[in-house]
J.: 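First the structure, then my questions, so here it is.
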Amino acid sequence: MARWCYRHRLVVLLLWVGAVFGLGFAGSAAGTDYANTFSLPNTDSTRAYDLMEKAFPQSAGDTDTVVWKVDEGSVRDESVRSRIEPKLAEIAKMPGVGEVTSPYAADAAGAGAAQISENGRIAYAQITFTEQANGVPKATVEDVVDTAKAAERAGLQVELGGQAITRTQEPPTGIAEMVGILAAAVVLFLAFGSLFAMLLPLVVAIAALGTGLMATSLLSHVTDVPEVAPLLGSLIGLGVGIDYALFIVTRHRRGILRGMKPEESAVTALNTSGRAVLFAGGTVCIALAGMLVMNMRFLDGVVVATSLTVVLSVLAATTLLPALLGMLGMRVLSRKQRRKLAATGPEPAEASGLAARWSSYVERRPRSTAALALLAMLILALPVLSIRLGATDQGNHQESTTTRQAYDLLAEGFGPGFNGPLQVVVAEGDANALAETIRTTEGVAQAAALPPSQGITVIQVVPTTSPQSVQTDQLIDRLRDKVIPASGTEAHVGGVTAIFKDFAAVTGDRLPYFVAAIISLGFLLLMVAFRSLVVPLTAALMNLIAAAASFGVLVAIFQWGWGTELLGIGKEGPITAFLPVIMLSLLFGLSMDYQVFLVSRMHEEWVHTKDNARAVRVGLAETSRVINCAALIMICVFSAFVLSGDMEGAMAGIGLAAAVALDAFILRTALVPAAMHMLGNSNWWLPAGLEKRLPHLAVEPKEETPEADSPPTRGNGASVVHGFVRDEEGAPVEGAAVTLRTKGGRQLDRVTSLADGSYILSVPAPGTYLLATAAESYGSRARQVTVTDGPLVYDVELREPSEDEADEMNSVN
């Protein structure tokens with residue numbers, strides 16, 4: 001498939017352009033129909049919601065609030081009414097507005113105290129739209145805000161709150177994605193040094209993200225997709241889309257630098273790193289599908305949106321990317337690299353620089369490295385012991401927003417519980433008697449029974465504490481466990497506050513099963529891929545440590561409030577109830593990606609040499625740079641979602657950025673290799689009986705020893721390459737490292753030249769290979785050699801590299 005896409009690149013490109021624009025046009029024409037369905041089966045709040053929906057179907061529209069406060073006098077003063085009443089009347093006539101409930105209209109009948117505070121300085125009016133918040137045109141909401149705000153004057157403050165009003169405070173759509181893409185572009189340019197190579201992962205990710213978001217908006221018309229789903233889809237899709245393309249482009253560039261033709265290099269990259277991308281994308285989708293274990297309708301739409309984006313990211317990386325590689329050809333390398341390749345020939349794949357030095361350090365001091373890394377992770381994980389799940393509301397918005405000001409004014413005038421009233425829905429029994437009992441219950445500020453409908457009565461209960469307070473949770477339990485059962489009525493406690501409390505409780509109860517499911521599945525996948533019990537067990541433990549540390553960071557920032565002002569994300573509060581499930585799914589999927597790319601190289605070296613220390617050292621040295629680069633891109637993308645204007649999006653972005661940073665920079669580059677050095681050969685232990693029964697799942701295909709470039713010859717037995725290593729003056733070079741590799745980069749044999757400069761290498765079979773030679777003070781050289789059915793004599797001449805060449809070689813390595 002990779003070769004077909006490479007050769008038919010124009011067709012593939014046109015198909016992708018058609019898909020992007022076609023889905024974009026269809027999505028724009030159809031619009032969105034996102035539905036935030038937080039109800040949970042078999043919970044008290046869901047029963048209350050179902051009864052209310054049956055008895056009061058007319059309350060389907062979104063209800064928002066206009067709040068005003070006077071510094072002196074009363075809101076009943078004529079000077080205040082003359083400014084507020086005309087604006088409320090103007091709002092009531094706007095298209096899309098169903099009803100405006102004014103305190104002045106009620107006050108004329110002698111009952112206006114319900115919407116006016118006791119001191120008479122704060123009042124509110126309710127605006128009921130004809131549609132839910134997502135369905136109200138943003139222009140209509142902006143007109144409402146502008147009209148109400150026009151009533152302000154010195155000494156009269158007017159603020160607005162509600163879900164529809166919140167939409168006017170959101171930053172322009174796509175700003176978080178744009179910032180993330182720009183940051184990723186900088187990282188890619190520094191990593192590749194080539195404009196065209198930098199653009200490749202970005203184009204692939206944008207194509208996948210665009211089709212994913214448009215497809216999600218179309219799916220919202222046929223299934224329940226929550227409003228937060230496209231945001232999370234953007235967050236994970238942009239990250240994995242860039243990273244998957246990065247892995248393939250890095251492998252492709254490395255192949256060209258080793259002497260392969262662009263087409264063969266692209267095919268090899270897709271057949272190796274592309275297979276790893278397929279495996280990694282599959283594990284991310286499986287981890288996301290683990291959310292279905294929670295049996296929460298709200299999460300079903302999240303699974304669909306995020307999994308669809310990941311699938312399209314993998315599809316773009318394996319089809320669109322080879323087509324783009326075919327269009328670029330050699331321009332995927334920088335000009336400097338192309339000139340050096342033409343002048344000196346293919347480069348060896350020797351790992352050098354900081355990555356190699358760090359890998360050697362970890363090998364020498366595995367215990368101290370592991371101890372420091374583990375200590376750092378445990379310290380960061382400590383805050384998770386105080387995690388409290390709940391819901392964010394407009395009280396968590398920034399102080400400068402009108403929604404936060406309205407929230408604070410209502411709390412000041414009518415009590416902190418006014419922003420999160422409870423709804424006790426009475427199906428059978430004396431509702432008035434129950435209301436009287438509730439009024440005298442500890443923690444209740446107000447309780448009033450509304451007029452019944454179809455035999456259903458709703459008692460509006462205002463707690464004395466805020467919706468996010470622990471005391472409010474205790475009041476809900478008190479009503480459910482004591483007050484209602486003692487009254488002899490059939491009643492259920494509902495409302496947004498009760499729904500999120502039930503959501504948090506169900507999440508806490510089911511989370512262990514969810515974690516067990518995704519850890520077990522990840523364990524099985526890694527065991528089959530790497531033929532080991534210890535490697536997947538180590539990965540599972542590391543994933544748990546990473547999850548605990550990332551949630552510790554999340555609690556410290558969002559629950560304790562450390563740095564919230566610096567980040568500009570509003571007031572601290574509980575962690576959103578559904579966030580742990582989503583974050584754990586994404587975290588386990590991404591951690592599996594990095595584990596696969598790291599350990600697959602170690603496993604390849606282990607299979608070849610059976611030397612655990614060398615396998616771990618080489619694997620870390622050759623993969624840590626690309627893993628750290630990929631992680632840095634994800635950190636930039638995830639952190640940018642602080643700018644999304646959505647508290648849940650900011651939580652997910654900061655949490656995942658912290659998780660990726662800790663996973664890549666501490667776990668995968670320090671704790672995992674240090675632990676594998678200490679475990680030794682037991683890393684690769686698998687009982688013989690299990691080995692026979694397990695299916696074989698190769699993350700990367702086995703490289704053929706004879707390369708396809710050379711025609712088959714008679715006699716497929718082993719042979720040798722031998723000769724002398726000399727300098728420019730013909731003097732022998734002693735101690736030069738001479739390495740024979742496949743064109744894919746796998747080492748086959750390695751020797752050191754003798755005092756007379758002679759060397760001899762074993763060749764397993766006829767074919768085309770890379771012969772790399774390196775010596776201190778001479779730099780390194782690599783050439784292709786073709787071995788037939790007899791020994792090959794090949795002399796190597798080394799020369800001292802110029803300063804520019806040395807710098808260029810280091811940058812390539």
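From a predicted model like this one, the values you see are computed outputs, not experimental measurements.
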J.: Okay, side chain of T669, backbone of F665: is any donor-acceptor separation there less than 3.5 Å?
T.: yes

J.: Determine, stepwise, if the pair W16 / T319 fulfils side chain to side chain donor-acceptor pair (under 3.5 Å).
T.: CA-CA 9 Å; W16 268 100; T319 58; 3.1 Å; yes

J.: Answer whether the closest heavy-atom distance between the side chains of V284 and V314 falls below 4.5 Å.
T.: no

J.: Taking C-beta and beyond as the side chain, do V796 and R783 meet within less than 4.5 Å on heavy atoms?
T.: no

J.: Where do G212 and L308 come nearest, in terms of heavy atoms and distance?
T.: O-CD2, 4.2 Å

J.: Indicate the atoms forming the closest heavy-atom contact of A316 with V204, along with that distance.
T.: CB-CG1, 3.7 Å

J.: Restricting to non-hydrogen atoms, name the atom on V616 and the atom on M676 that form the minimum distance, rounded to 0.1 Å.
T.: CG2-CB, 3.9 Å

J.: Without swapping roles, check the side chain of Q337 against the backbone of S334 for a donor-acceptor pair under 3.5 Å.
T.: yes

J.: Answer yes or no: is there a donor N or O on one side and an acceptor on the other, between the side chain of S585 and the main chain of A287, under 3.5 Å?
T.: yes

J.: With the side chain counted from C-beta on, respond yes when F530 and N683 share a heavy-atom pair under 4.5 Å apart, and no when they do not.
T.: no

J.: Determine, stepwise, if the pair W606 / N681 fulfils side chain to side chain contact (heavy atoms under 4.5 Å, CB included).
T.: CA-CA 9 Å; W606 163 257; N681 291 351; 3.5 Å; yes

J.: As an exercise, state the distance from CD1 of I236 to CZ of F638, rounded to the nearest 0.5 Å.
T.: 4.5 Å

J.: Taking atom CZ of R251 and atom CG of L270, what is their separation to the nearest 0.5 Å?
T.: 11.0 Å

J.: To the nearest 0.5 angstrom, please state how far the OG1 atom of T538 sits from the CG atom of N543.
T.: 10.5 Å

J.: Go through the steps to decide whether L792 and Y769 satisfy the test side chain to side chain contact (heavy atoms under 4.5 Å, CB included), and finish with yes or no.
T.: CA-CA 12 Å; L792 173 68; Y769 302 90; over 6 Å; no

J.: Does H8 use its side chain to pair, donor to acceptor, with the backbone of W4 at less than 3.5 Å?
T.: yes

J.: Check the pair I760 / V751 against side chain to side chain contact (heavy atoms under 4.5 Å, CB included), numbers first and verdict last.
T.: CA-CA 7 Å; I760 182 169; V751 297; 5.7 Å; no

J.: Cation-pi check, R331 to F196: give yes when NZ or CZ is under 6.0 Å from the six-membered ring centre and within 45° of the ring axis, no otherwise.
T.: yes

J.: When you measure from the side chain of N628 to the backbone N and O of S624, does any donor-acceptor pair fall under 3.5 Å?
T.: yes

J.: Checking S313 side chain against A208 main chain: does a donor-acceptor pair fall under 3.5 Å?
T.: no

J.: Work out which heavy atom in V733 is nearest to a heavy atom in S753; give both atom names and the distance.
T.: O-OG, 2.7 Å

J.: Distance check, rounded to the nearest 0.5 Å: T739 atom OG1 versus R750 atom CZ?
T.: 4.0 Å

J.: Can you find a pair of side-chain heavy atoms, one from T309 and one from L209, that are under 4.5 Å apart?
T.: yes

J.: On a heavy-atom basis, which atom in A670 and which in W358 lie closest, and how many Å separate them?
T.: CB-CZ2, 4.1 Å

J.: Checking side-chain contact (heavy atoms from CB on, under 4.5 Å) against I256, which of R254, H252, M260 comes through?
T.: H252

J.: Begin with the C-alpha distance, continue with both residues' side-chain angles, and end with the deciding distance and a verdict on side chain to side chain contact (heavy atoms under 4.5 Å, CB included) for F192 and L246.
T.: CA-CA 10 Å; F192 289 148; L246 168 67; 3.4 Å; yes

J.: Side chains of P262 and M330, heavy atoms from C-beta outward: is any pair under 4.5 Å?
T.: yes

J.: Flag the pair M198 / L190 as yes when at least one side-chain heavy-atom distance between them is below 4.5 Å, and no otherwise.
T.: no

J.: If only atom types and distance count, is the side chain of R531 paired as donor or acceptor with the main-chain N or O of V528 below 3.5 Å?
T.: yes

J.: Taking the side chain as C-beta and beyond, is there a heavy-atom pair between Q595 and V535 under 4.5 Å?
T.: yes

J.: I'd like to check Y244 versus T318 (side-chain heavy atoms, cut-off strictly below 4.5 Å). Are they in contact?
T.: no

J.: Could you state the interatomic distance from CE (M327) to CG (L324), rounded to the nearest 0.5 Å?
T.: 7.0 Å

J.: Quick check: does any side chain N or O of R338 sit under 3.5 Å from a backbone N or O of L333, one acting as donor and the other as acceptor?
T.: yes

J.: How many angstroms lie between atom OG1 of T773 and atom CG of L798, to the nearest 0.5 angstrom?
T.: 6.0 Å

J.: Are R9 and Y6 in a cation-pi setup, meaning NZ or CZ lies under 6.0 angstrom from the ring centre and within 45 degrees of the ring axis?
T.: yes

J.: List the atom of V763, the atom of L740, and the distance in Å for their closest heavy-atom pair.
T.: CG2-CD2, 3.8 Å

